[in-house]
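If you're wondering where the values come from, they're calculated on a predicted model, not measured in any experiment. Throughout, a chain's letter reflects where its sequence line sits, starting with A, and its residues are numbered from 1.
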There are 2 protein chains.
Amino acid sequence: MAARRCRIDDRMTLRMAVTSFESSLRQRCSNCSLREICLPLGLDAEELGKLDQLVKRRRRVFAGQHLFRAGDPLQSLAAVRTGFFKIYEVSAGGHEQITAFPMEGELMGLDAISNDIHRGNALALEDSEVCEIPFAKLEDLLSDLPRLQHQFHKLLSGAIASDHGLMMVLGTMTAELKVAAFLLNLADRLEARGQPRATIHLPMSREEIGNYLGLKLETVSRMFSKLRDDGLIATEGRKTEIRNYTGLRNLCLQGSARA
Amino acid sequence: MAARRCRIDDRMTLRMAVTSFESSLRQRCSNCSLREICLPLGLDAEELGKLDQLVKRRRRVFAGQHLFRAGDPLQSLAAVRTGFFKIYEVSAGGHEQITAFPMEGELMGLDAISNDIHRGNALALEDSEVCEIPFAKLEDLLSDLPRLQHQFHKLLSGAIASDHGLMMVLGTMTAELKVAAFLLNLADRLEARGQPRATIHLPMSREEIGNYLGLKLETVSRMFSKLRDDGLIATEGRKTEIRNYTGLRNLCLQGSARA
DNA sequence: CGTCAATTTGATTTGCCTCAAATTTCGTGG
DNA sequence: CCACGAAATTTGAGGCAAATCAAATTGACG
């Protein structure tokens, strides 16, 4: 296990060498996420070719580095190939709020299209790889490929839908349920990517989880302990194992039953 | 002032006659919201013509009626022409969560594109009028009109951005600040539509505001009273007047300063 | 004018936050 | 490889903001 966390921002030196071979081990899919997303569309070879041309070379982002910051002009959307990010926004009053934890296969920067400027900051929580997709070129391509256009709309719409899911968590759940829902959400997303849903790595701190869920870090920790004591999960540092998936899910369901 | 609220759902009878002429008084803009949205694009006459063909006849939705419900297949997006809606989702556990209060010029149903089925329920809070935009036809048109396509992407992206704004409110603010932010948000949206921002009508109940903000109705009421006692707003039933706009805004800013 | 729902206000409880300390984990250098 | 220091996490005690319970008041509509 090489080094994993890093606070110095945007100027990695020796760490780069150390971790560069590490991430090379992770290359599983032979192509970028955007193309993967489009595989079910039945595009022909020519169309797929256009898609490939669009995607710039993969880019590596080390733990603690920003891929983009609030205020940056939108040039490219970024699809996470490997690793984990956090997206956070800073309010006028200076408060940080994490709005998402994008993982493999998920797009970042969609909210920037509205005014061509990034609202959020994208910070790599672990050494990661992204595919950058120049947005202007993507839009050109979308006009030519209606099925791809439709898929892109689904993607944007899906982002709205998942934000609504989070709003429901924030608005209706107690601390215990919020944490349970958070773990279930991660488990489900892992499973959707063919990874085992029971074992979750959690590259983010308790404080970051709490920020995301509208809780304090101590409360998050207490709820992890409670879920552990109730036999629903097992914890070993940041490695979390879901011991009773249906139990967790039932907890969330009955919890939001009345209010 | 004719009747304003109604609980009987989807079977209005005499009310229809009473209120039908009432909403006819409100016709201010001569065309649909979609076209208005596209005015700054500099489309030529032919393009505008295509746009007009797309939009089905305006549809009236009476207070208490649903325009669509969760589970309905997505056929059309709907732009609010006049009136006010609430969009709410129901969790598996049966809890209702309001995710938005769309008003004039705002689109509903964007989150349904992701899987062609509405997640949310759209309920008219007052007698309203919408323009329905068949989504399949809209996508066809977008391929032909790149500027319109871009505008549509901005619209979707803007929905994501505004959801993030709400998440920040839910995650970081106290009850008082949530209510203040809610009123400011309404005021700003009114102003963006050329209406006076100081006078807000509030077609939703305290309970609905509380649901939206993650508070109980009693708390919402208390915070209205507090803002009133502090001279920031004046209340007269559901008619709310902003007496000190900058004061309200400063309250929100300093409030989220540290956490 | 009477009924019922919505809102306001008050009293009390509670869940989460705050403050504080102990413990574990992790990165670094010996 | 081990030991050290810093940061993250866990756990405890007490306080506070918002929820809950309850009652009075206002307002809407037949």
Considering just the side-chain nitrogens and oxygens of B:R238, establish if one lies under 4.0 Å of OP1 or OP2 belonging to D:dG27. no
Go through it in stages, so that I can follow the logic: the residues are A:R249 and A:T246, the test is side chain to side chain donor-acceptor pair (under 3.5 Å), and I'd like the CA-CA distance, side-chain angles, deciding distance and then a yes or no. CA-CA 5 Å; A:R249 188 154 287 292; A:T246 50; over 6 Å; no
What pairs with B:H118 under ring pair (Phe, Tyr, Trp, His ring centres under 6.0 Å), at least two apart in sequence or on another chain? B:F68
Please give, in whole Å, the distance from D:dA8 C1' to A:F224 CZ? 13 Å
Starting at atom CG of B:L170, determine the distance to atom P of D:dA18, rounded to an integer number of angstrom. 13 Å
Enumerate the residue pairs fulfilling salt bridge (Lys or Arg N to Asp or Glu O under 4.0 Å) with a member in residues 159-169 of chain A, sequence neighbours excluded, ordered by first and then second residue. none
NA contact type, B:S225, heavy-atom cut-off 4.0 Å: base, sugar-phosphate, or nothing? sugar-phosphate
In whole angstrom, give the distance that lies between atom CD of B:E236 and atom C1' of D:dT25. 16 Å
Expressed as a whole number of angstroms, how long is the span from A:I209:CD1 to D:dA8:P? 13 Å
Below 4.0 angstrom from OP1 or OP2 of C:dT9, is there any side-chain N or O of B:R228? yes
Under the rule for ring pair (Phe, Tyr, Trp, His ring centres under 6.0 Å), what residues qualify as partners of B:Y212, not counting sequence neighbours? B:F101, B:F182
Provide the full list of ring-ring contact (aromatic ring centres under 6.0 Å, His included) pairs with a residue in residues 232-253 of chain B, sequence neighbours left out, each pair given once. none
Which residues pass the salt bridge (Lys or Arg N to Asp or Glu O under 4.0 Å) test with A:R243, not counting sequence neighbours? A:E241
Expected string for nucleotides 13-22 of chain C under the B/S/- scheme (protein heavy atoms, under 4.0 Å, primed atoms plus P, OP1, OP2 as sugar-phosphate) is ---SSBB---
B:L125 has an atom CG; how far is it from atom P of C:dA6, in whole Å? 13 Å
How bent is the helix from C:dC1-D:dG30 to C:dG30-D:dC1, comparing axes over its five end pairs at each side, to the nearest 10°? 50°
Please state how far atom NZ in B:K178 lies from atom C1' in D:dA19, giving the value in whole angstrom units. 12 Å
Checking A:R189 now: which residues fulfil side chain to side chain donor-acceptor pair (under 3.5 Å) with it, not counting sequence neighbours? A:E106, A:N185
Let me know the distance between NZ of A:K239 and P of D:dT9, rounded to the nearest Å. 15 Å
Output all residues satisfying ring pair (Phe, Tyr, Trp, His ring centres under 6.0 Å) with A:Y88, sequence neighbours left out; order by chain, then residue number. A:H66
Nucleotide D:dA19, atom P - distance to CG of B:L213 in whole Å: 11 Å
Heavy-atom count check: over 12 atoms from other residues, nucleotides or ligands less than 6.0 Å from B:E176 CD? yes
